[in-house]
There are 2 protein chains.
Amino acid sequence: MSTQKLITYFNNLLPLSDEEGDAVASVAMERKIKRRQFILQEGDRCRHYTFIVSGCFKMYSVDAVGKEHNVQFGTENEWLTDMASFHSVKPADFKNPNAGIPSKLFIEAIEPSVIIQIERTDLVFLFEHYPKFNRIFRVITENNFIELQNRVLQNISTTAEQRYSAFLMQYPDLSQRLPNTQIASFLGITPEFLSTIRKTIGSK
Amino acid sequence: MSTQKLITYFNNLLPLSDEEGDAVASVAMERKIKRRQFILQEGDRCRHYTFIVSGCFKMYSVDAVGKEHNVQFGTENEWLTDMASFHSVKPADFKNPNAGIPSKLFIEAIEPSVIIQIERTDLVFLFEHYPKFNRIFRVITENNFIELQNRVLQNISTTAEQRYSAFLMQYPDLSQRLPNTQIASFLGITPEFLSTIRKTIGSK
DNA sequence: CCTCAGCCTTAAACTATCTTAAGCTCATTT
DNA sequence: AAATGAGCTTAAGATAGTTTAAGGCTGAGG
């Protein structure tokens, strides 16, 4: 049962009591996801936090002319959720499936994957009854924030070639698993230009 | 006393008890900051969360050739801190002023400002004794994350002109208060190019 | 076994953005 | 009053990145 992997993950951040571990187990919903399957689509309300047990996902938006732009990847031991949609629902509206703002993002499996999802009401239950989870998710969000801030800094201060080199160093695993088209979309450049960048780097 | 402004800010997020309000007051340190004064410099360890009572700050990094790149602005009722440095210190090292990773960022006042700072040990004290603050700062970080994610999406998917127009709409106040050089640095373009963008927008 | 879609590359023409340099204005310092 | 410096603009020439089009390769599905 993959739930153990999630509990281990939490334990590494902040050790859980048996009771807290049981609470996690009671709200964790395991799902198998096929390649190309969506766990969130534009227009949906995002109602889960998703923990990736195995596999790989991309989270992207589709622009006016149909192009995809990868906002984030997610792999083993990472979380994916559309926070803007997820957190837009106030407690009073938790029972209304149409409350909150619809998502502008897609989350799609790039590989066959196994995930554990926690529903909003269950997560709020954890927050209220076991305050430690507030702290855990605060730390998770802080770490994601730091990573995102570095990415913004790179986007505004470096060339595409520098960003690609940094990507290779920062995500050696992802750069093996992902097709270059997806990496280009993450970096904000065209696949053709990534190809010429790779050629010039290769000849150095 | 500006501390009341901070307590009101917290109350708007999640109502505080009198005791929690007193706890905030006991750890809040008010400071007046002059224009061009720094509250963080590259190489420093970031030891505070800073709440802006009034005024305006820029947080930026300086690259290898000395150019500044604005990562974030902060104005009234917003927080500024270098999370990467601030959160890199483990509780065991709280008393060691050289623990943790040095900051890569500067935080500098653009206007004469008043701030309230909370030290790391005091913030941890709040988190441990009044769990509500975990939740409050989780929500603050979530909201900052959402904003930053939108910015990444814009950076990878839109032109400089679109980004500038979006900036004007999203931060009408900042676009009045800031010189265009600072806005250009935030958008990741040169001031000269921003100038030509403004001309083409004006003639529409 | 064949086919087709997705991926990767190349190249030429085009567009967005940067660099450098100059000139103007306004506020601050000498 | 003169000098300095920051901010804004303009313009020419250079570089970074896109678009379009084409061809080759590979793996999954009929």
Side-chain angles (χ1 to χ4, degrees), chain A residues 34-37 56 58 60 62-70 73 106 108-112 154-168 174-204, chain B residues 34-38 56 58 60 62-70 73 106 108-112 152 154-168 174-204:
Chain A
K34 294 180 193 163
R35 194 169 124 88
R36 287 172 209 270
Q37 186 178 343
C56 184
K58 58 178 174 177
Y60 59 93
V62 175
D63 69 16
V65 298
K67 277 188 197 152
E68 297 180 7
H69 302 279
N70 286 339
F73 297 118
F106 296 82
E108 180 185 343
I110 298 181
E111 302 172 359
Q154 287 195 350
N155 279 335
I156 66 176
S157 68
T158 70
T159 66
E161 179 175 335
Q162 290 171 306
R163 259 145 49 215
Y164 178 61
S165 297
F167 182 89
L168 293 182
L174 278 179
S175 59
Q176 300 294 329
R177 286 161 83 171
L178 296 172
N180 287 325
T181 45
Q182 297 303 321
I183 296 176
S185 166
F186 181 84
L187 297 176
I189 59 178
T190 59
E192 292 84 356
F193 188 49
L194 178 53
S195 193
T196 82
I197 286 173
R198 286 161 52 79
K199 187 168 54 168
T200 69
I201 287 181
S203 69
K204 276 179 184 168
Chain B
K34 295 181 191 163
R35 194 169 126 87
R36 289 172 207 268
Q37 185 177 346
F38 292 89
C56 184
K58 58 177 173 177
Y60 61 93
V62 175
D63 68 17
V65 298
K67 277 187 195 153
E68 298 180 6
H69 302 280
N70 286 338
F73 296 117
F106 296 82
E108 179 185 344
I110 299 181
E111 302 173 0
V152 166
Q154 286 194 349
N155 279 335
I156 66 176
S157 68
T158 70
T159 65
E161 178 175 336
Q162 290 171 306
R163 258 145 49 216
Y164 177 62
S165 297
F167 182 89
L168 294 182
L174 278 180
S175 58
Q176 299 294 329
R177 285 162 83 170
L178 295 173
N180 287 325
T181 46
Q182 297 303 322
I183 296 175
S185 166
F186 181 85
L187 296 175
I189 60 178
T190 59
E192 293 85 354
F193 188 49
L194 178 53
S195 192
T196 82
I197 287 174
R198 286 161 52 79
K199 187 167 56 168
T200 69
I201 287 182
S203 69
K204 275 179 186 169

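Here is how names work: the chains are called A, B, and so on, in the same order as the sequence lines, proteins then strands, and each is numbered from 1.
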Practice task
Without swapping roles, check the side chain of A:N70 against the backbone of A:Q182 for a donor-acceptor pair under 3.5 Å.
Solution key: yes
Handout entry: Any donor-acceptor N or O pair under 3.5 Å, side chains A:S195, A:E192
Key = no
Practice task
Indicate whether the side chain of A:Y60 and that of A:E108 have a donor and an acceptor atom separated by less than 3.5 Å.
Solution key: yes
Handout entry: Any residue meeting side-chain hydrogen bond (donor to acceptor under 3.5 Å, both in side chains) with B:R35, in chain and number order, not counting sequence neighbours
Key = none
Handout entry: Any donor-acceptor N/O pair, B:Q162 side chain to B:T159 backbone, under 3.5 Å
Key = yes
Exercise for the section: Check the distance between C:dT17's C1' and B:R163's CZ and give it to me in whole angstrom. Expected result: 10 Å
Exercise for the section: Report yes if at least one side-chain N or O of A:T159 is closer than 4.0 Å to OP1 or OP2 of D:dA16; otherwise report no. Expected result: no
Exercise for the section: Just report the end-to-end axis angle for the helix from C:dC1-D:dG30 to C:dT30-D:dA1, five pairs per end, to 10 degrees. Expected result: 30°
Exercise for the section: Dump the intermediate steps for side chain to side chain contact (heavy atoms under 4.5 Å, CB included) on B:F186 and A:I156, then the final yes or no. Expected result: CA-CA 7 Å; B:F186 181 85; A:I156 66 176; over 6 Å; no
Exercise for the section: Indicate whether OP1 or OP2 belonging to C:dT19 is found under 4.0 Å from a side-chain N or O atom of B:K67. Expected result: yes
Exercise for the section: Would you mind reading off the distance between A:R177 atom CZ and C:dC7 atom P, rounded to a whole angstrom? Expected result: 16 Å
Handout entry: Integer-rounded Å distance: D:dG27 C1' and A:R36 CZ
Key = 11 Å
Exercise for the section: Do nucleotides 8-14 of chain C as a string where each nucleotide becomes B, S or -: B if the base has a protein heavy atom under 4.0 Å, S if just the sugar-phosphate does, - if no protein is that close. Expected result: SBBS---
Exercise for the section: Would you check if the side chain of B:T181 reaches a backbone N or O of B:P191 as a donor-acceptor pair within less than 3.5 Å? Expected result: no
Practice task
Please report, rounded to the nearest Å, how far the P atom of C:dC18 is from the NE2 atom of B:H69.
Solution key: 11 Å
Fill in the blank from the handout: To the nearest angstrom, the CD1-C1' distance between B:I156 and D:dT18 comes to 16 Å
Fill in the blank from the handout: Between CD1 of B:I197 and C1' of D:dC8 the distance, given in whole Å, is 14 Å
Completion exercise
From CD of B:Q162 across to P of D:dT18 the rounded distance in Å is 13 Å
Handout entry: Donor-acceptor contact below 3.5 Å, side chain B:R163 vs main chain B:Q154
Key = no
Practice task
Grab the CD1-C1' distance between B:I189 and D:dG17 for me, whole Å please.
Solution key: 16 Å
Practice task
Start with the C-alpha gap between A:K67 and A:V62, add the side-chain angles, then the distance that decides, and say whether side chain to side chain contact (heavy atoms under 4.5 Å, CB included) holds.
Solution key: CA-CA 5 Å; A:K67 277 188 197 152; A:V62 175; over 6 Å; no
